[in-house]
Amino acid sequence: MNKNYLTFAYAISGISIIIGLLMIFSSGSRGQSLASAEINRNDGMMDTDQYNMIYEAGINQFLILGGILTGFGLLMTCVLSFVLLLRSKPETEEELHV
């Protein structure tokens, strides 16, 4: 692997971790905005149970997507670190004594 590829891969994994965490932490406000948009589409009238269902579904969507992105970024970081560790390790014992 080229050093530029590793830097790019680390950058992608870092960005996905940051975006995933932001999605997780802002899931409450995103769910509320989705439910409010649905109220506006229904001319300001909606059943409370329906509002709560849309609100919770919006929260769950962003929690799941944020978790997937964060997990992908962490897994990618671990794999890249493991690849770097294997590449820096000498392959034979003769190289250790040189």
Phe25-Leu74 co-clustered via ILVMFWY side chain contacts under 4.5 Å: yes
What about Ile12 and Leu84, same hydrophobic cluster or not, with Ile/Leu/Val/Met/Phe/Trp/Tyr joined at side-chain heavy-atom distances under 4.5 Å? yes
Who clusters with Leu34? Use side-chain heavy atoms, under 4.5 angstrom, across I, L, V, M, F, W and Y, and order the result by chain and number. Ile15, Ile19, Met23, Phe62, Leu65, Leu69
Ile68: hydrophobic cluster co-members (side-chain, 4.5 Å): Ile64
Set of residues satisfying side-chain hydrogen bond (donor to acceptor under 3.5 Å, both in side chains) with respect to Thr77, sequence neighbours excluded: Ser13
Could you tell me which residues satisfy side-chain hydrogen bond (donor to acceptor under 3.5 Å, both in side chains) with Tyr10, sequence neighbours excluded, listed by chain and number? Ser81
Which pairs with one or both residues in residues 28-43 pass side chain to side chain donor-acceptor pair (under 3.5 Å), sequence neighbours excluded? Glu38-Arg41
Could you tell me the separation between the [atom1] atom of [X] and the [atom2] atom of [Y], rounded to the nearest 0.5 Å?
| X | Y | atom1 | atom2 | answer |
| --- | --- | --- | --- | --- |
| Leu85 | Leu80 | CG | CG | 12.5 Å |
| Asn52 | Met46 | CG | CE | 10.5 Å |
| Tyr51 | Glu56 | OH | CD | 11.0 Å |
| Ser27 | Ile59 | OG | CD1 | 5.5 Å |

Can you list everything that forms a side-chain contact (heavy atoms from CB on, under 4.5 Å) with Ile18? Sequence neighbours excluded, please. Leu22
Which atom of Ser16 lies closest to which atom of Phe72, heavy atoms considered: OG-CD2, 4.0 Å
Do Leu6 and Arg87 make a side-chain contact, defined as non-hydrogen atoms from C-beta onward lying under 4.5 Å apart? yes
